[in-house]
Amino acid sequence: MLGLLLLQVLASCLWLGHRTPPNDALNPKNPAWICQHFSNSYHYATLYDKDRRIPVYSAYKYQPGNAKTPDAPWFVEPQLIGKNNLKEMERQSVLIEQHKFTLDQIKASQAVYDDYAQLKGLNHGHLSPCDHQDSKENKTATFTFTNIVPLDSSLNKGQWHTYESKTMPKMTEGCTTTYVITGAVPGKLHVSQGRVNRPSHIWSAACCLVGQKTPKAWGAIAENDKNKVENLSLGELENRLTKLYGGKKKVTLFNKACPRQ
Ligand SMILES: *[C@@H]1O[C@H](CO)[C@@H](O)[C@H](O)[C@H]1NC(C)=O
Ligand SMILES: *[C@@H]1O[C@H](CO)[C@@H](O)[C@H](O)[C@H]1NC(C)=O
């Protein structure tokens with residue numbers, strides 16, 4: 001029942017209600033569904049794991065464009081700090097100075113600036129990437145700690161970047177609208193004195209509409225300690241994730257209209 005309710009909350013912001021969200025096979029013990037709000041509008045959706053302090057996935061529309069990459073500050077999520085009326089991502093300093101939260105209150109259920117400041121061989125890995133958005137606002141909204149994981153630096157700058165910047169444009173040729181879900185599989189290791197999980201894998205799935213024809217779908221996955229990305233069909237990716245999540249429940253990322261082959 002609770003699961004159903006949370007799903008509806010997610011569906012109401014996920015792609016503005018056009019698509020069904022992934023099923024609950026990926027849900028962590030202590031989840032938060034976040035409609036990512038910035039500058040008075042909704043941008044994408046994230047399922048966040050409050051215990052591991054990393055996102056499970058972010059779901060967004062692929063709409064790359066040429067706006068200048070903003071010199072954005074990093075945001076945290078007020079919705080993860082107990083009861084308050086703040087709906088938008090906000091800077092840590094603003095929450096502390098203007099809204100009188102303590103840093104400990106903010107850190108309790110999410111990663112913050114310091115968690116990513118001292119990483120070695122890992123850096124900020126966006127799930128919903130800045131480069132897949134068009135406007136300055138839409139790009140800026142990706143710079144929030146609820147949308148990133150500690151990602152192997154060589155992978156982040158290397159093959160994962162190639163997937164985002166070369167494979168995606170190639171695969172989306174002819175697509176009218178492309179829906180993307182990018183996620184991270186929790187790993188056994190942690191960073192920042194055990195505060196933040198270091199995912200074992202990063203993955204991405206896409207399903208795109210092609211006029212009146214059958215939609216097109218694909219996926220990719222990479223281990224978070226190698227500069228290597230594997231191309232997969234949507235069905236192969238779902239099977240791989242089912243195994244990586246323990247095999248008890250079959251993972252479904254998109255609805256039936258998206259081909260698994
Ligand atoms: C920004 O993102 C929103 C939500 O995905 C979308 O509706 C809009 O078209 C995007 N682009 C601009 C220029 O606002
Ligand atoms: C994955 O597919 C894309 C698009 O067809 C291709 O350009 C790329 O080389 C492939 N990557 C790998 C690792 O096979």
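Both ligands and their constituent atoms are indexed starting at 1 by order of listing.
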So, regarding Lys61 and ligand 1 (criterion: nitrogen or oxygen to nitrogen or oxygen, under 3.5 Å), is there a contact or not? no
Asp134-ligand 1 polar pair, N/O distance under 3.5 Å: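 Yes - when backbone and side-chain N and O of Asp134 are compared with those of ligand 1, one distance drops under 3.5 Å.
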Within-cutoff protein neighbour (heavy atom, under 4.0 Å) for atom 14 (O) of ligand 2: yes
Verify whether the ring centers belonging to His126 and Trp74 lie closer than 6.0 Å. yes
Do the two ring centres, one from Tyr116 and one from Phe145, sit under 6.0 Å apart?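 Ring centres of Phe145 and Tyr116 closer than 6.0 Å.
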For ligand 1, indicate whether the residue Gln63 contacts it via side chain, backbone, both or neither (heavy-atom separation under 4.0 Å).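 The answer is the side chain.
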Can you confirm whether Phe143 sits close enough to Ile148 that some side-chain heavy atom of one is under 4.5 Å from a side-chain heavy atom of the other?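 Not in contact.
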Quick one: are Gln110 and Ile81 in side-chain contact, heavy atoms under 4.5 Å?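 The answer is yes, as the side chains (C-beta and beyond) meet within the 4.5 Å cut-off.
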When you measure from atom 11 (N) of ligand 2 to every protein heavy atom, which one gives the shortest distance, and what is it? Asn231 ND2, 2.9 Å
Among all protein heavy atoms, pick the one closest to atom 6 (C) of ligand 2 and tell me residue, atom and distance.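 I find the closest protein heavy atom is Lys170 NZ, 4.0 Å.
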Taking side chain to side chain contact (heavy atoms under 4.5 Å, CB included) as the test, write out the residues that go with Thr242, two or more places apart. Lys250, Val251
Heavy-atom contact under 4.0 Å between Tyr60 and ligand 1? no
